[in-house]
Amino acid sequence: MKRIDRKDAWVLAAQLAAWALVFTIPILLAWLTSNSIDVARKTGMMLIGMLFSPFALYFLNFYLLGPFLYFKRRWVLFFGSNIAVFTALNYGIYFANRFISHLPLEARIGSYIGFFVFFLFNVACIALALVIRHLIRVGRINQQLEEEKAKNLEAELAWLKSQINPHFLFNTLNNISSLTQIDPDSAQEALAQLSDLLRYAMYETQKEKVPLKGEVAFMTNYVELMRLRCSETTHITTRFDVSGNTEVAPLLFISLVENAFKHGVSNTVESSIDISMEEKEGLLTFTCTNTNHPKSQDDRSGSGIGLENTRRRLELLYPGRYTRSQTLENNIYHVSVTIDLRP
């Protein structure tokens with residue numbers, strides 16, 4: 001048996017409360033405008049009986065005829081059903097016409113006007129039921145769309161994040177592979193550092209946000225790992241001025257650091273890499289400046305997917321709350337990302 005949704009229960013309760021108020025008004029008016037208790041009671045009961053038709057038509061259209069006929073564009077069945085129900089609930093009106101025909105003209109006109117107003121009131125209740133049902137349907141559709149959008153964004157973020165680790169691992173293993181031929185001891189040390197890096201990437205970054213100090217330690221270890229393969233002609237500097245309590249999305253800047261080592265290092269030409277991160281009044285600024293040594297087309301140590309992932313993750317995680325700029329002047333590449341981390 002299908003369980004009643006809590007929102008559906010609240011909607012039903014609100015409608016019943018509104019109709020209870022509508023039924024109460026005729027009774028109060030009858031008591032306030034009549035000096036006779038018996039007349040007030042009969043008048044109130046008569047008015048309540050007249051309200052039964054719009055009450056029944058309202059709920060019939062809200063829960064049955066509207067969802068299954070009107071919104072599915074089964075117009076003939078919809079209008080036919082409403083006419084049949086209205087006729088069945090108000091058959092007394094047709095018998096009353098026999099007596100009305102014998103009344104004076106003024107009284108007959110008044111009676112017909114009253115019947116017409118009563119008919120319009122029933123139509124208005126049907127229209128009100130359809131409007132409310134439509135608004136509820138639109139609200140639920142929008143909610144479902146938002147939920148679906150959130151699920152899609154979550155799935156995309158998970159996919160982008162999964163691309164970071166293999167990309168990072170691919171580049172790092174290439175570096176260690178080349179190092180084993182030059183300095184096996186350093187290569188073994190590098191493997192230990194890589195183990196620590198992967199442990200952080202696999203276990204500490206499963207949360208939506210991580211402390212900045214963890215990210216700083218991760219980038220520092222990564223830079224030291226990359227420093228082992230650089231020659232004396234490469235100058236590397238890092239500056240980190242952040243608060244340990246501030247949190248940020250994990251592995252957000254590692255692709256930018258990877259890119260700096262991929263394109264900023266040369267074994268034969270003077271090279272430099274400068275990495276800094278600063279947090280001030282809720283604004284986190286990451287900058288990376290490096291010399292630019294374009295790789296040949298045969299070099300497949302990276303395809304640029306890391307930079308695109310970084311851009312896309314920033315767009316999804318901090319929409320409207322970040323700025324990103326990059327320049328290439330005088331063979332110096334500079335990238336800067338500023339994120340507003342304030343709640």
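All of these numbers come straight from a predicted model, not from anything done at the bench.
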Heavy-atom closest pair, residues A260 and I273 | O-CD1, 3.6 Å
Here the gap from T220 atom OG1 to L225 atom CG, rounded to the nearest 0.5 Å, amounts to 12.5 Å
Are the side chains of Q143 and K7 in touch, meaning some heavy atoms are under 4.5 Å apart?
-> yes
For the residue pair F240 and T238, what are the closest heavy atoms and their distance?
-> CE1-CB, 3.7 Å
Would a distance-only check, ignoring hydrogens and angles, find a side-chain to backbone donor-acceptor pair under 3.5 Å from N90 to F86?
-> yes
Would you indicate whether the side-chain heavy atoms of D340 and R342 approach each other to under 4.5 Å?
-> yes
Side chain proximity check, R313 to L251, heavy atoms < 4.5 angstrom = yes
Rounded to the nearest 0.5 Å, what's the gap from OG on S272 to CG on N290? Could you check?
-> 7.5 Å
Can you find a heavy atom in the side chain of E278 that is under 4.5 Å from one in the side chain of F286?
-> no
Nearest heavy-atom pair of A56 and L89: which atoms, and what distance?
-> CB-CD1, 3.8 Å
Rounded to the nearest 0.5 Å, what separation is found between the CD1 atom of I275 and the OG1 atom of T289?
-> 9.5 Å
Kindly compute the distance separating CG (L284) from CD (E215), expressed to the nearest 0.5 Å.
-> 10.0 Å
Rounded to the nearest 0.5 angstrom, the CG-CD1 distance for L283 and I339 is 10.0 Å
Check ring-ring contact (aromatic ring centres under 6.0 Å, His included) between F78 and all other residues, then give those that pass, not counting sequence neighbours.
-> Y70
Least distance between heavy atoms, P54 atom then F121 atom | CG-CE2, 3.4 Å
If we ignore angles and hydrogens, is there a donor and acceptor under 3.5 Å between the side chains of H293 and S271?
-> yes
For residues 317-330, the side-chain hydrogen bond (donor to acceptor under 3.5 Å, both in side chains) pairs (sequence neighbours left out) are Q326-Y333
Centroid separation F218 to Y222 less than 6.0 Å | no
Using the ring of F71 (Phe, Tyr or Trp, six-membered ring only), decide whether R133 places NZ or CZ under 6.0 Å from its centre and within 45 degrees of its axis.
-> no
Pair T246-E279, side-chain donor/acceptor within less than 3.5 Å | yes
Under 3.5 Å donor-acceptor, E315 side chain and R311 backbone = no
Please, which pairs that meet side-chain hydrogen bond (donor to acceptor under 3.5 Å, both in side chains) have at least one residue in residues 72-86, sequence neighbours excluded?
-> N61-N82
Out of curiosity, does V257 fall in the hydrophobic cluster containing I332 (side-chain heavy atoms, cut-off under 4.5 Å, transitive links)?
-> no
Inspect the contact between D241 and K280 and indicate whether a charged nitrogen and a carboxylate oxygen are less than 4.0 angstrom apart.
-> no
Does the side chain of S276 pick up a donor-acceptor pair with the side chain of T287 at under 3.5 Å?
-> yes
Note: K207 and P250 closest approach over all heavy atoms is O-CG, 3.8 Å
What orientation do F59 and Y63 show, parallel under 30°, tilted 30 to 60°, or perpendicular over 60°?
-> parallel
For the pair T234 (side chain) and C230 (backbone), establish whether a donor and an acceptor sit closer than 3.5 Å, ignoring hydrogens and angles.
-> no
In Å and rounded to the nearest 0.5 Å, what is the CD1 to CZ distance from I236 to R227?
-> 4.5 Å
If you group Ile, Leu, Val, Met, Phe, Trp and Tyr by side-chain heavy-atom gaps below 4.5 Å, do L64 and I126 land in one group?
-> yes
Taking all atoms of both residues into account, what is the closest heavy-atom pair of L51 and W19, and its distance?
-> O-CZ3, 4.3 Å
